[in-house]
Structures are given as structure tokens and as C-alpha cells.
Amino acid sequence: MSKKYQSLARDIVKKLGGKTNITEAYHCQTRLRFKLVDETKVDVEGLEDLDGVTKYIFNAGVHQVVIGTHVKDIFEEVEKNVDTASSVEPGGEKKGLMTTIIEFVAGTFQPVIPALSGAGMVKAVLALLMVFNVISADSQTYYLLNMFADGVFYFLPMILAFTVAQKLRSNPILAVSVAAIMLHPSWGALVTAGDPVQFFDIIPFTLATYTGSVIPILLVIFVQSYVEKFLNRIIPKSVELVFVPMLTFLVMGTLALAVLGPIGTVLGGYLASFFTFLSVNASWVPAVLIGGFFPIMVMFGLHNGVAPLGVMQMAELGYDSIFGPGCVCSNIAQATASAVVAFRTKDKKLKQLATSGSITAYMGITEPTLYGVNLPKKYPLVAAMIGGGAGGLFAGLTNTHRFATGSSGIPAILLYIGDDTMRLFWNIVIALIISMVVSGGLTYILSFKFEKEEISEIKELILEDTRVISPMKGKIIPLSEVHDEAFASEALGKGFAIEPVEGQVVAPFDGKIAAIFPTKHAIGLVSDTGVEILIHVGLNTVELKGQYFEVLVNADDKVKKGQPLLEVDLKSIQAAGYETQVPVVVTNSPQYSSIETITQGPTDCQEDILAVKV
């Protein structure tokens with residue numbers, strides 16, 4: 001399935017400085033994530049120019065390449081192009097306390113999300129079956145389905161033990177084994193009996209239950225990572241296979257049940273009290289903050305530190321009012337804003353991106369529409385933040401919470417069915433409707449201002465027959481002679497090419513600058529008669545990153561035929577090993593009945609070269 005992404009995966013690795021520059025590679029639902037040896041080797045512009053890459057982000061020490069929902073397929077190919085085992089560890093990297101905490105929390109909880117989401121949706125199905133009287137609470141089917149869903153939450157400490165150990169680079173199997181000690185039925189029986197427990201009649205073990213808990217296991221495995229590394233350092237290699245695990249179990253089993261577990265339980269109790277205080281006295285605050293500012297949190301990676309609060313609240317109280325309601329309101333608001341942009345814009349590429357992005361956002365994955373539509377356009381992002389905050393306010397004021405962790409899209413509304421009531425389900429539905437109405441309405445209103453110029457210009461533009469002069473002095477040749485298959489095959493449009501003798505690029509007609517590539521090697525124009533032209537100076541010159549190019553105009557500038565646009569150092573480009581052929585293509589070729597080259601051979605930018613007929 002992933003073979004079609006082989007080329008993209010190789011290009012991504014190359015733009016990140018090559019496989020020897022990559023020390024760690026993994027992915028989440030929409031992004032490839034990398035840790036690198038040398039950050040200066042990243043070709044940011046090259047990455048974002050790749051077809052298939054939406055955005056490059058550097059945050060909290062992690063290089064993120066935003067892909068979309070098919071990221072898993074691309075990661076399969078990326079893995080074949082990296083060798084993290086033999087890579088050099090980055091040295092001397094200084095990180096702030098907040099960055100370190102966010103990295104630790106994100107690395108611990110992100111791998112667990114699929115399991116929690118699956119269990120949450122099973123709980124939602126169970127709740128639906130109960131609501132529609134398909135099964136009863138005393139049936140075996142109810143008992144078994146509840147077991148299917150609760151397994152993940154019951155043994156959550158063991159799952160977290162594994163991910164924490166991976167993050168701290170200790171043995172995950174030993175970590176899970178220590179968690180198993182804390183969850184063993186024999187310990188549960190001692191807790192239920194309630195009699196004091198003395199280890200060797202000296203060390204008291206505090207009677208506490210650890211099933212479904214979070215903080216105790218985080219403390220235990222954090223300490224265990226240091227104990228294990230210490231044991232590996234002092235025990236001879238010849239016997240460490242036996243004695244390291246044995247001593248780890250003895251030391252950590254004792255510390256877990258006597259000290260660390262009880263401390264974690266107390267901290268969890270304080271956390272539960274804090275959550276309870278919020279739900280009683282300020283239930284609207286978390287939902288409003290997350291509903292309104294969640295896109296900003298995503299951009300800076302702060303959501304990775306906030307999302308686990310919902311998991312912790314659910315572990316302590318059985319529900320999540322901290323993260324879930326605000327997150328789903330924000331995602332639906334973003335999806336709606338993107339959908340309105342798709343409806344209003346006349347840009348075909350943006351319309352397609354906004355349409356597909358809104359669909360995935362309605363399902364809970366917002367990165368494609370956030371980085372591809374709402375953030376670049378700005379006004380949909382503002383509207384979505386206001387709409388998400390409005391929906392979050394209603395959810396918070398009505399003390400709406402979810403009973404399981406899952407997706408944060410439309411399917412998530414099922415997670416609000418529980419406690420033998422549909423009240424919270426209808427509350428979240430109303431909150432989402434508020435988010436949609438506010439964000440959609442604001443986006444539509446703002447579009448009259450921010451899309452006005454684009455819409456009016458396109459409406460007024462009527463395609464006409466057009467003559468195009470050469471943008472550079474030199475020799476006119478057919479596109480078929482260009483040493484680049486994409487141009488030679490006319491896949492990018494019909495036109496001609498130039499073998500230039502001078503480095504000045506001029507406007508081939510009266511019109512407007514549509515786009516100037518960040519690397520300055522290419523420029524797009526639209527004539528007053530509707531012809532869209534791409535002038536690409538040199539082949540593969542994007543790799544020069546703007547060197548030897550000087551831009552004389554700005555995007556959206558009006559230009560006259562023959563007006564200078566670029567100054568190019570042709571000799572330096574050739575000396576750098578690049579060809580200087582200049583393809584000139586009509587990118588909206590399908591809109592015309594005929595595009596013919598009038599003349600070939602030498603030209604001085606004074607005569608017509610191309611005839612474009614409607």
C-alpha cells in the first residue's frame with residue numbers, strides 16, 4: 001500500500017539532512033515526527049514544496065512534517081530510509097523545563113491514544129445498545145462488552161509503564177512487569193481485606209488500589225529507569241541477565257507499594273479534588289479555553305501537554321470535562337470554517353483543499369485544514385476560535401463531560417452517552433451546533449471582505465485571444481527539447497522554452513504577478529485577458545534557494561509588457577552545475593482551443609512568440 005510513497009519518503013529524509021542526521025522517527029495521526037543531529041541541515045522551503053507535505057513545524061525539539069490521515073503509509077517508507085540505531089545522538093541540546101515536560105507527556109500518552117479511542121467507542125456502542133433496549137444491564141452480552149471496553153482502562157498502568165519506559169530508554173518489559181506487581185489480584189485481595197500489611201514485618205505497605213490509575217505508575221517507572229540503569233552499571237555483564245531483573249523487581253516492588261504508589265495516590269487525590277472544584281465552581285473555564293485556543297495549542301505543541309489531563313480526570317473521576325468538550329467544539333468549528341471557505345473561494349486548488357480538509361476535520365483530524373486553509377487565510381482561523389469558544393462555553397456551563405476517551409470529531413458525540421441519561425449527549429450536540437453556527441456565520445461574513453478582491457476579479461475576467469512575447473533574450477526552442485520530463489511532456493501546460501543569453505526576465509504581457517516562488521527561481525503571472533503563465537528559470541534551480549536571483553516585483557503587482565521582473569546571474573548558475581533552459585508554460589492550457597508557437601530561433605523580447613486562442 002505504501003509503495004506509491006517511496007519517492008516522497010526519500011525526498012523527506014533528504015530534505016531533513018539525510019538518514020545520518022535523523023536520530024529518531026515516529027508519527028502521530030497526521031504528522032511525521034523526527035529528532036535530528038543538526039537542525040541547520042533542514043531544507044524548510046524544500047520540504048514544504050514537496051507534493052504531499054502540508055507544513056513543516058519545529059516545536060519542543062521535534063521536527064514535524066504535516067502529511068494528513070495517510071501518514072502511516074508514508075511512515076512505512078520513511079522507516080526504510082532511516083537508520084536511527086546507527087545515528088549519532090544529538091549533543092548539548094538545551095531544553096527548557098516546560099519543553100521537557102511536554103515532550104515527556106506527549107511521548108508517554110500519544111502511543112496510548114488509539115487503544116483509549118477504541119475502548120471509548122466500544123463504551124459508546126454499549127451505551128447505545130442500552131438506550132435502545134437492545135440489551136439489558138444484567139445480560140452476559142452487557143457484561144462481556146463492558147469487559148472489552150474496560151480492559152484498557154483497568155490495565156492502563158501496565159500500558160503506560162511500557163510507553164514511559166520507552167520514553168526514558170529503560171527496559172519496557174521490566175516496567176510492565178513492575179506494573180503487574182501493582183495490579184496483581186493478590187495485592188487487590190490484601191487491599192480488600194483491609195488488614196495492615198508489613199513487608200518482612202518491618203516495612204509497611206499502604207493499602208491502595210492502582211487499577212486504572214495514572215500518576216502512581218508515572219512516578220514508579222520514572223524512578224525505576226534510574227534504578228535499572230544503576231544496576232546495569234554495577235552488575236557484571238556475565239550475570240546481568242538474571243540479577244538486574246531480579247533486583248529491579250525486589251527494589252521497585254518494595255518502593256512501588258511502600259512509597260511511590262501511595263505518593264502517587266495522594267497526588268491523584270489532590271488532582272481529583274482540583275477537577276471536582278473546577279466542575280463545581282468554574283466548569284466553563286477549561287471548555288472555553290480549549291474550545292477557543294486549541295488551534296494555537298496545536299501549532300505550538302501545547303495540546304500534547306493538556307490532552308492527558310482528560311485521561312487523568314477520567315482515571316480519577318470516571319469522566320472528562322477538562323479536554324474533550326472544548327476539543328470537539330474547536331475541531332467542528334474549524335471544519336465548518338474550512339467548509340465555508342470552500343463554498344466562497346473561486347480558487348480551484350484552495351476549494352479542493354478546503355473541502356477535503358473540512359471532511360477530515362469533521363472526523364477529528366484538523367491539521368490538514370488548519371495548516372492548509374485556516375492559518376494561511378487567517379480570517380477562518382479567527383472565526384473558528386470564536387466559534388469553538390462559544391460552543392465550549394455552553395458545554396462548560398452545562399457541565400457537559402464525556403465518559404470515555406476517543407476521537408474529537410462528530411463520532412465523539414457517542415462518548416457523551418452514559419449514567420443512564422441522554423442529557424449530556426444532547427448538550428454536546430447543542431454545543432457543536434453553536435460552534436458551527438458561530439464559526440460558519442463569522443467566516444461567511446468575513447469572506448465578503450477578505451475574498452472580495454479575488455471574487456470580483458475572477459467574475460470580471462473574460463478570456464480573450466492573447467499574444468505572448470518571450471520573457472528573456474535568447475533562442476526559442478520547443479518544450480520537447482527541455483531536459484526535464486515534466487515540462488517536455490507538456491504535463492504542466494503548453495508553451496515554449498528559451499535558451500537565454502541575458503539574465504533579465506521581463507513580463508510577457510500586461511497583467512498581474514500571481515506568485516513568486518520563495519526560492520525566486522520561478523514566477524507566475526496572469527494576463528489581463530486571463531492567460532496564466534509560469535516562467536521557470538533554469539532546471540532544478542530550486543536547489544539554489546534563491547542564490548543568483550534578484551526579484552524586482554512583488555506578488556499581486558500590476559505589470560506592463562516588457563517590465564523587468566527578475567535579474568538572474570546565468571554564468572553563476574551554470575558554474576554551479578545547473579542548466580539555464582527557461583520553460584514558459586500556459587498553466588491553464590485546457591481553457592484554450594489553441595496554443596501555438598509563432599516563431600522559433602533568436603528573439604530580443606520584442607516580437608510575439610506564442611498565440612493563445614480561446
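Source: prediction; values computed, not measured.
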For Gly388 against Ser435, the heavy-atom pair lying closest together: CA-OG, 4.1 Å
Heavy-atom closest pair, residues Ser439 and Ala333: OG-O, 3.4 Å
State, with a plain yes or no, whether a side-chain heavy atom of Tyr362 is found less than 4.5 Å away from one of Ile332. yes
Checking side-chain contact (heavy atoms from CB on, under 4.5 Å) between Leu16 and each of Val82, Leu47, Val78, which is the one that passes? Leu47
To the closest 0.5 Å, what do you measure between CH2 (Trp284) and CG (Asn399)? 14.0 Å
Taken to the nearest 0.5 Å, the spacing of Ser177 OG from Met252 CE works out to 12.5 Å
Closest heavy-atom contact between Arg423 and Thr398? NH1-O, 3.5 Å
Evaluate the side-chain proximity of Thr336 to Val438: yes if any heavy-atom separation is below 4.5 Å, no if none is. no
Is any side-chain heavy atom of Tyr210 closer than 4.5 Å to one of Thr265? yes
For the residue pair Gln334 and Pro295, establish whether any side-chain heavy-atom pair is separated by less than 4.5 Å. yes
Measuring from Lys35:NZ to His63:NE2, what's the distance to the nearest 0.5 Å? 10.0 Å
Cation-pi between Arg344 and Phe448: NZ/CZ under 6.0 Å from ring centre and within 45° of the ring axis? yes
How long is the span from the NZ atom in Lys15 to the CD atom in Glu45, to the nearest 0.5 Å? 10.5 Å
Answer yes or no: is there a side-chain heavy-atom contact under 4.5 Å between Cys329 and Phe294? no
For Cys327, does its backbone N or O pair with a side-chain atom of Ser330 as donor and acceptor, under 3.5 Å? no
May I have the step-by-step check of side chain to side chain contact (heavy atoms under 4.5 Å, CB included) for Val328 and Leu432, ending in yes or no? CA-CA 8 Å; Val328 71; Leu432 296 186; 3.9 Å; yes
Heavy-atom donor-acceptor pair, Trp187 side chain to Ala208 backbone, under 3.5 Å: yes
Taking the side chain as every heavy atom from C-beta outward, state whether Val197 and Leu207 have any pair of such atoms under 4.5 Å apart. yes
CZ/Phe425: more than 12 non-hydrogen atoms of other groups inside 6.0 Å: yes
Taking Ala342's backbone N and O only, do any of them form a donor-acceptor pair with Thr345's side chain (distance below 3.5 Å, no angle check)? no
Would you say Ser225's side chain and Phe222's backbone share a donor-acceptor pair under 3.5 angstrom? yes
What's the spacing between Leu375 CG and Ile296 CD1 if we round to 0.5 Å? 8.0 Å
Would a 4.5 Å heavy-atom cut-off, applied to side chains only, mark Thr400 and Ser321 as touching? no
Between Ile217 and Ala179, which heavy-atom pair has the shortest distance, and what is it? CD1-CB, 3.7 Å
Quick check: do Met363 and Ile410 have side-chain heavy atoms less than 4.5 Å from each other? yes
So Arg402 and Phe323, side chain to side chain contact (heavy atoms under 4.5 Å, CB included) or not? Walk me through it. CA-CA 9 Å; Arg402 59 181 179 174; Phe323 183 76; 3.8 Å; yes
For Ser338 and Ala354, work out which heavy atoms get closest and say how close. OG-O, 2.9 Å
What do the steps show when you test Phe205 against Val191 for side chain to side chain contact (heavy atoms under 4.5 Å, CB included), and what is the final call? CA-CA 10 Å; Phe205 282 1; Val191 174; over 6 Å; no
More than 12 heavy atoms of other residues, nucleotides or ligands under 6.0 Å from OH of Tyr379: is that the case? yes
How far does OH of Tyr143 sit from CE of Met147, to the nearest 0.5 angstrom? 7.5 Å
Nearest heavy-atom neighbours spanning Leu219 and Leu260: CD1-O, 3.9 Å
Test Asp195 against Leu190 for side chain to side chain contact (heavy atoms under 4.5 Å, CB included), laying out the working first. CA-CA 7 Å; Asp195 297 326; Leu190 290 172; over 6 Å; no
